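Written below as structure tokens is the structure these notes are about.
In listed order, ligands and their atoms are each counted from 1. We use all heavy atoms of the structure for the numbers below, so side chains are in, but hydrogens, waters and symmetry mates are not. Predicted model only: the values in this text are computed from it and were never measured.
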Amino acid sequence: MSTIVSPSLLSADFGHLADDLEMINRSEAEWLHIDVMDGVFVPNISFGFPVLKYVAKLCNKPLDVHLMIVDPDRYINEVKELGTKIMNVHYEACRHIHRVIQQIRAAGMSPAVTLNPGTPVCVLRDIICDVDMVLLMSVNPGFGGQKFIEHTVEKVRELKKMIQETGSKALIEVDGGVNAETGARLVEAGADALVAGNYVFSAENPEEVIKGLKAL
Ligand code: DX5
Ligand code: ZN
């Protein structure tokens with residue numbers, strides 16, 4: 001099975017967003033990864049729903065929305081209205097993670113839980129059978145182009161083991177500092193999906209880079 005590639009919109013050229021979205025549409029990327037930031041949960045602000053409405057209109061790939069905001073359940077309807085396939089919420093940003101997962105599923109989206117680099121995999125034990133995906137951050141969230149945190153490879157192995165032991169169907173996605181080298185090691189450890197921002201959008205031929213990640 002090939003690796004799922006989810007290019008991160010955060011590294012796109014916002015002056016020529018339509019061109020970059022056309023490239024994504026032409027490419028072999030499975031999903032489009034969308035990073036929403038509130039300047040509170042993470043020390044940066046990205047883009048909000050008025051912009052994303054147009055992104056969703058121009059993009060024909062399923063949306064993999066990563067909310068780096070506190071209490072993301074406040075926006076389930078807005079995320080749903082974009083036509084989102086996967087709604088990723090941070091474990092650290094939800095007061096009642098179990099309830100939020102149920103709310104996302106009830107809204108017709110796939111619930112995914114995201115962990116910061118400092119949050120251990122073991123906190124997922126009681127919700128691993130309720131989520132469709134776990135997103136492991138391999139950088140501290142907030143910015144593109146950061147250095148990959150090595151310990152993530154071990155976390156992928158640990159999470160894969162938990163998934164196998166519990167019979168969960170959750171996919172493992174990794175986000176931050178992904179390139180061909182780190183990506184290959186993540187896939188070997190058990191990752192199903194890779195998010196890549198800088199590596200894709202700073203490439204001379206982004207479509208080839210996406211193809212390369214998919215073949216890992
Ligand atoms: C970081 C975001 C990432 C970011 C990844 O907070 O969640 O999705 O765009 O960018 P790269 O691949 O450049 O590390
Ligand atoms: Zn992200």
Separation of L58 CG from D20 CG (nearest 0.5 Å)
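Going from the CG atom of D20 to the CG atom of L58 covers 11.5 Å.
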Nearest-0.5 Å distance, CZ of residue R185 to CD of residue E150:
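It is 4.0 Å, given to the nearest 0.5 Å.
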Which ligand 1 atoms, with their elements, are less than 4.0 angstrom from a heavy-atom of [X]?
X	value
A196	12 (O)
M68	6 (O), 7 (O)
H33	8 (O)
M137	7 (O)
H66	7 (O)
L10	9 (O)
N198	11 (P), 12 (O), 13 (O)
P141	6 (O)

With respect to [X], determine whether any N or O atom, backbone or side chain, lies less than 3.5 Å from an N or O atom of ligand 1.
X	answer
G142	yes
G145	yes
G177	yes

Between the side chains of [X] and [Y], does any donor sit under 3.5 Å from an acceptor?
X	Y	value
T3	D192	no
D64	S6	yes
H66	D175	yes

Is it true that [X] and [Y] have a side-chain N and a carboxylate O under 4.0 angstrom from each other?
X	Y	result
D73	R99	no
E207	R26	yes
R125	E165	yes
R157	E154	yes

Identify the closest protein heavy atom to [atom]: which residue and atom is it, and at what distance?
atom	value
atom 1 (C) of ligand 1	F143 O, 3.5 Å
atom 10 (O) of ligand 1	G144 CA, 3.5 Å
atom 3 (C) of ligand 1	D175 OD1, 2.9 Å
atom 2 (C) of ligand 1	D35 OD1, 3.4 Å

So, S202 side chain and N198 main chain: donor-acceptor pair closer than 3.5 Å or not?
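Yes; at least one donor-acceptor contact below 3.5 Å.
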Could you tell me whether the side chain of R74 and the main chain of V70 form a donor-acceptor pair under 3.5 Å?
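Between the backbone of V70 and the side chain of R74 there is a qualifying donor-acceptor contact (under 3.5 Å).
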Nearest heavy-atom pair of A191 and V156: which atoms, and what distance?
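Smallest heavy-atom distance, with atoms named: N-CG1, 3.6 Å.
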Restricting to under 2.8 Å, identify the protein N, O or S atoms around the Zn ion (ligand 2) as residue plus atom.
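Sorted hits: H33 NE2, D35 OD1, H66 ND1, D175 OD2.
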Residue part near ligand 1, for S8, under 4.0 Å between non-hydrogen atoms:
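The part of S8 near ligand 1 is the side chain, not the backbone.
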Is the contact between Y199 and ligand 1 made by the side chain, the backbone, both, or neither, using heavy atoms and a 4.0 Å cut-off?
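Near ligand 1, Y199 shows nothing, with every heavy atom at 4.0 Å or more.
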Show which residues join I4 in its hydrophobic cluster (side-chain heavy-atom contacts under 4.5 Å, direct or indirect), or state none.
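Result for I4 is W31, I86, M133, L171.
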Hey, which of I69, V89, L67 is the one that makes side-chain contact (heavy atoms from CB on, under 4.5 Å) with Y75?
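In the set I69, V89, L67, the residue that makes a side-chain contact (heavy atoms from CB on, under 4.5 Å) with Y75 is I69.
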Heavy-atom nearest option to atom 12 (O) of ligand 1, drawn from G176, S202, G197:
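Nearest option to atom 12 (O) of ligand 1, by heavy atoms: G197.
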Let me see the working for E92 and T119 under side chain to side chain donor-acceptor pair (under 3.5 Å), right down to the final yes or no.
CA-CA 8 Å; E92 306 86 355; T119 306; 2.5 Å; yes
